[in-house]
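Sequence lines set the chain letters: A, B, ... in the order given, protein chains first and strands last, and positions in each chain run from 1.
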Amino acid sequence: MVSALIAPSKTDSTASAAALLAWYDRHRRTLPWRAAPGETPDPYRVWLSEIILQQTTVAAVRPYYERFLARFPTVEALAQAPQEAVMQAWAGLGYYSRARNLHACARMVVALHGGRFPADEKALLALPGIGAYTAGAIAAIAFNKVAVAVDGNVERVITRLHAVEEPLPGAKPLVRELALAMVPQDRPGDFAQALMDLGATICTPKKPACVLCPLSSPCRARAEGTAETFPRKEAKTAGRLRRGAAFVALRTDGHVLLRTRPPKGLLGGMAEVPVSEWRHDYEIREALRDAPLPGVWRRKPGMVRHVFTHFPLELAVFTASFAVDTEAPAGGRWVPRHSLAGEALPNVMRKVLEKALES
DNA sequence: GAACCGTGGGA
DNA sequence: TTCCCAAGGTT
């Protein structure tokens with residue numbers, strides 16, 4: 001909780017919120033999922049955009065959002081769609097549990113709430129894929145409820161405004177309290193979006209434009225000249241390099257052997273070419289024992305490199321040719337080369353296929 | 001509470 | 001090249 005010593009006065013909070021909203025009215029970003037001033041937001045679109053935006057840049061989200069909305073215009077349409085279609089539409093965005101939870105959430109909203117998103121933060125929090133941030137964002141933006149949506153932007157703005165010395169993620173409860181204390185009763189939705197816009201365009205991680213900031217006057221970090229050093233963060237450990245082998249089996253009629261990964265865990269539910277285990281001590285010299293089919297496997301020169309959030313990966317790529325009547329091993333399926341674009345292939349697998357199919 | 005879970009872009 | 005990090009959630 002916030003100690004009395006560092007809690008800002010009610011007057012300061014109100015003045016800051018007013019300054020921020022005035023800035024927002026002039027400089028708000030126009031985004032495909034954002035309702036125009038005076039427009040009533042569509043909770044489905046607010047929710048859809050918030051899920052896609054999690055840990056993702058606005059630029060990367062745009063085309064996916066448009067595609068999702070065209071393909072699944074309503075929560076009912078999304079709920080009725082097969083999971084494969086949802087995974088395919090998500091392919092390339094990363095964090096694939098978000099796609100599974102998106103689908104599960106749509107079905108739950110239809111089954112439990114008659115196809116209408118609840119306006120209550122607590123009810124939202126009970127839905128899959130909706131955590132503290134997203135519940136607050138939907139409550140505030142879609143329903144104009146007094147709630148905060150504390151994302152990376154807001155953490156940065158608030159820790160700078162109050163020069164919060166405690167490092168994240170430990171400081172999260174404090175940041176939340178400080179943000180909540182600022183929320184104006186009449187415009188919670190605009191306030192939530194204003195904080196994010198400020199963090200995205202003015203109060204940036206590097207070289208913040210304090211000169212243009214509506215909160216520069218009350219900002220404690222600005223006064224100290226230390227804005228760029230916030231938020232404080234715990235040092236995180238780098239993951240250890242893992243290696244493995246990937247096997248691209250090519251049938252003479254141009255089909256490629258694919259399989260589907262287990263539903264949970266890394267790249268859960270996504271398509272892949274057969275691969276070995278990925279280990280820090282993997283021996284590529286002995287990779288052929290992991291091949292999905294007996295055959296004449298040839299290694300492609302070099303490695304496919306990929307970096308996941310918590311470890312870097314290097315894959316040796318092997319290819320082999322097979323007769324048209326070769327049966328797929330258990331769990332595998334032959335896919336025509338021209339159909340690869342329609343598969344739910346994560347980027348690391350696209351890299352593997354690119355190397356395997358290059359001449 | 002710490003670990004896990006993708007990807008692309010910018011500096 | 002390397003590092004950071006972007007509208008986080010789940011286990």
Problem - Upstream residue (5' side of DNA chain C) when A:K264 and A:L31 are each assigned their closest nucleotide - result: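 Upstream on the strand: A:L31.
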Problem - Check: A:G269 main-chain N/O paired with A:T260 side-chain donor or acceptor under 3.5 Å - result: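 No; judged by distance alone, with no hydrogens or angles, the pair does not exist.
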Mind checking the [atom1] distance from [N] to [M]? Whole angstroms is fine.
N: B:dG1; M: C:dG8; atom1: C1'; result: 16 Å
N: B:dC5; M: C:dA6; atom1: P; result: 22 Å
N: C:dT11; M: B:dG6; atom1: P; result: 14 Å
N: B:dA3; M: C:dA7; atom1: C1'; result: 23 Å

Using a strict 4.0 Å threshold on nitrogen-to-oxygen distance, state whether [X] and [Y] make a salt bridge.
X: A:K351; Y: A:E354; answer: no
X: A:E277; Y: A:R242; answer: no
X: A:D197; Y: A:R29; answer: yes
X: A:E166; Y: A:R232; answer: no

Practice task
Report the residues that fulfil side-chain contact (heavy atoms from CB on, under 4.5 Å) with A:L241, sequence neighbours left out, ordered by chain and then residue number.
Solution key: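 Testing A:L241 for side-chain contact (heavy atoms from CB on, under 4.5 Å), a comparison that skips the adjacent residues, returns A:R243, A:P312, A:E314.
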Practice task
Go through residues 75-90 of chain A and report each residue with a non-hydrogen atom lying under 4.0 Å from DNA chain B, sorted by number.
Solution key: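 Heavy-atom cutoff 4.0 Å gives no residues at all.
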Handout entry: Residues from residues 137-155 of chain A lying under 4.0 Å of DNA chain B - heavy atoms
Key =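 Of all residues in residues 137-155 of chain A, none places a heavy atom under 4.0 Å from DNA chain B.
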Problem - A:E165 CD to A:L174 CG distance, which is reported to the nearest 0.5 Å - result: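 Reported to 0.5 Å precision, the distance equals 11.5 Å.
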What does [X] touch in the nucleic acid at a heavy-atom separation under 4.0 angstrom: a base, only the sugar-phosphate, or nothing?
X: A:I130; value: sugar-phosphate
X: A:S49; value: nothing
X: A:P169; value: nothing
X: A:R29; value: base
X: A:R34; value: base
X: A:W47; value: nothing

Practice task
Taking atom types as modelled, find out whether A:R98 and A:N101 have a side-chain donor-acceptor pair closer than 3.5 angstrom.
Solution key: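 Looking only at side-chain atoms, A:N101 and A:R98 do not form any donor-acceptor pair under 3.5 Å.
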Problem - Donor on one side chain, acceptor on other, A:Q88 and A:R71, under 3.5 Å - result: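 Their side chains do contain a donor-acceptor pair, which is all the 3.5 Å distance test asks for.
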Can you say whether the rings of [X] and [Y] are parallel (under 30°), tilted (30 to 60°) or perpendicular (over 60°)?
X: A:F68; Y: A:F72; answer: tilted
X: A:W278; Y: A:F308; answer: parallel
X: A:F247; Y: A:W297; answer: perpendicular

Please set out all donor-acceptor pairs under 3.5 angstrom arising from side-chain atoms of residues 337-346 of chain A, sequence neighbours excluded.
from, atom 1, to, atom 2, distance (Å)
A:E343, OE1, A:R333, NH2, 2.6

Exercise for the section: Walking along DNA chain C from 5' to 3', note the first and the last nucleotide with an atom under 4.0 Å from a heavy atom of chain A, and give both. Expected result: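 The contacted stretch runs from C:dA6 to C:dT10.
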Handout entry: Phosphate contact (B:dC5 OP1 or OP2) by A:H310 side-chain N/O below 4.0 Å
Key =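 The answer is yes; a side-chain N or O of A:H310 sits under 4.0 Å from OP1 or OP2.
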Practice task
Flag the pair A:Q54 / A:T134 as yes when at least one side-chain heavy-atom distance between them is below 4.5 Å, and no otherwise.
Solution key: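 In short, these two side chains touch, coming nearer than 4.5 Å.
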Handout entry: Annotated protein contacts, base or backbone, on nucleotides 6-11 of chain B with a non-hydrogen cut-off under 4.0 Å, one of B, S, - each
Key = BBS---
